[in-house]
Amino acid sequence: MQEKSGGRKDPWAGPTVEARRAREENFLTSERSNPDSPYYLGENHSFSRRAFLASGMAAMGAGVASSAMSATPAGAKNREVPPDPTKVQGEDTWADGGYGTRSQFETEIRTRPKTPTNQSSWTMTPLQNGLGIITPSGLHFERHHGGITTIDPSKHMLYVHGMVKQAKKFGMQDIRRFPSISRILFIECSGNGLTEWIKPTMKTVQGTHGLTSTSEWTGVPLATILNEVGVKPGAKWLLAEGGDAAVMTRSIPLDKALKDCFLAYGQNGEAIRPEQGYPLRLIVPGYEGNTHIKWLRRLEISDRPFMTREETSKYTDLLPNGKAVQFSFEMDAKSVITYPSGEMLLRGPGFYEITGLAWSGRGSIRKVEISVNGGKSWMEAKLQGPVLPICHTRFRFAWQWDGKECVLQSRCVDDTGYLQPALAELTKVRGTNGPLASVYHLNAIQSWKVASDGRVSNVHYS
Ligand SMILES: Nc1nc2c(c(=O)[nH]1)N[C@H]1C(S)=C(S)[C@@H](COP(=O)(O)O)O[C@H]1N2
Ligand SMILES: [Mo]
């Protein structure tokens with residue numbers, strides 16, 4: 001009625017959704033029997049909604065049956081594999097609802113070690129099969145002290161107060177309006193490898209080194225927000241607090257906050273994942289993972305550190321003389337061969353490309369060296385670009401294996417000139433106090449033994 005009187009042009013526009021749907025259905029019904037139409041269904045084809053639904057149900061049934069036979073990997077969708085994919089149409093465009101999945105044939109997953117609770121726990125990145133330098137968001141390692149918090153971004157607030165001229169609160173929309181930056185940075189838990197101090201315990205590189213990951217992070221420089229509130233003279237420290245059940249809190253030197261910290265809302269081109277602190281996390285480039293407060297809700301400015309639980313009883317380094325080092329923020333240079341690595345099998349002598357990752361919290365990787373004889377001699381590996389500061393850097397090394405037992409190692413130098421130490425050198429400085437010897441900041445050279453039958457295993461060799 002409206003159309004007649006009002007003369008609307010949109011052919012689908014009608015007074016109600018139902019009316020528009022009916023019209024569309026009428027249009028399609030006539031088009032399906034018109035041989036000149038792109039909607040033409042062919043001579044003996046009858047299209048009924050009931051038939052469509054029935055075939056849909058049958059397909060779903062098949063999906064369920066086959067996925068029961070072989071479990072679909074997390075993040076994938078099980079699809080029937082046609083005998084000849086050139087003879088049948090592929091999956092409908094947009095059948096995924098607009099958000100893609102990975103191939104059902106890819107099985108990489110984060111692994112979780114046994115922990116007393118499922119909330120205070122870890123998952124580790126499968127570095128052994130990682131490609132390039134970026135960690136897919138769904139494989140970024142996790143460390144939660146009180147589970148994965150669920151926050152509605154429309155209700156989330158960041159409070160900034162303390163030694164400031166004007167305390168302020170910012171909603172997510174306020175934060176996103178500020179000029180932003182993106183940086184590709186690794187985050188490493190300082191507990192990465194903590195069970196490896198005295199003897200090799202984990203079998204794979206996922207177990208020994210999987211608490212480091214690299215993402216492109218996008219957010220607002222902390223300096224911008226601090227400028228908004230006006231930091232008072234004499235301020236030297238900043239407390240960052242998470243809105244999770246752990247209410248994780250860490251003190252950060254104000255100099256560092258102003259230098260390069262930022263409030264990230266983006267990860268690898270989309271919003272940060274819930275596990276990584278959605279909707280807002282603090283990024284503290286190069287500092288131990290614990291300082292990168294997730295689900296960030298409060299910043300307090302002060303003239304002294306806050307001496308929270310995490311920076312007094314935890315995340316300190318006990319020395320041989322019984323004293324502990326506090327605020328060992330920066331992650332030292334570290335590298336590891338990811339291929340070949342623990343639990344892999346080399347199928348006979350011949351060519352292998354040794355590859356792995358190197359990173360430093362103090363800058364860029366300048367050099368990576370490989371030893372295939374347990375550290376007797378070293379040869380330079382190729383660094384694959386881009387070589388970015390505070391970022392996983394991929395190295396590659398062409399190797400002919402002669403089929404004899406050998407020990408593979410990598411060591412790196414960062415642009416401060418620091419050389420990654422052997423384990424014996426590191427324990428000389430750090431000591432072997434405590435049940436695990438030391439706990440945090442293990443950055444020693446990793447050794448993988450290749451047995452003459454090609455089996456690769458985690459060994460201590462230095
Ligand atoms: N709010 C909050 N922030 C947190 C934590 C936490 O449990 N709660 N864990 C910290 C630790 S110890 C690490 S190593 C990193 C891990 O970040 P990821 O889970 O994104 O890898 O987050 C840090 N930030
Ligand atoms: Mo951590």
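Computed over heavy atoms, backbone and side chain alike; hydrogens, waters and symmetry mates excluded. Just so it is clear, the structure is predicted and the values come from calculations on it, not from any experiment. Order of listing sets the numbers, starting from 1, for every ligand and every atom in it.
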Q: Taking the side chain as every heavy atom from C-beta outward, state whether T218 and Q267 have any pair of such atoms under 4.5 Å apart.
A: no
Q. Is the closest side-chain donor-acceptor distance between E216 and N268 under 3.5 Å?
A. no
(Q) If the criterion is any heavy atom closer than 4.0 Å to an atom of ligand 1, which residues make the list? (A) H140, F141, E142, R143, H144, H145, C189, G242, D244, M248, E275, Q276, R281, G289, N290, H292, I293, K294, W295, Y315
(Q) Against Y440, only a single residue in F329, Y315, F327 fulfils ring-ring contact (aromatic ring centres under 6.0 Å, His included); can you say which? (A) Y315
Q: Start with the C-alpha gap between L254 and L226, add the side-chain angles, then the distance that decides, and say whether side-chain contact (heavy atoms from CB on, under 4.5 Å) holds.
A: CA-CA 10 Å; L254 196 60; L226 294 179; 3.9 Å; yes
Q: Only counting residues at least two apart or in another chain, list the ones meeting side-chain contact (heavy atoms from CB on, under 4.5 Å) with R297.
A: H156, E241, V247
Q: Measure the CD-NE2 distance between E288 and H441 for me, rounded to the nearest 0.5 Å.
A: 4.0 Å
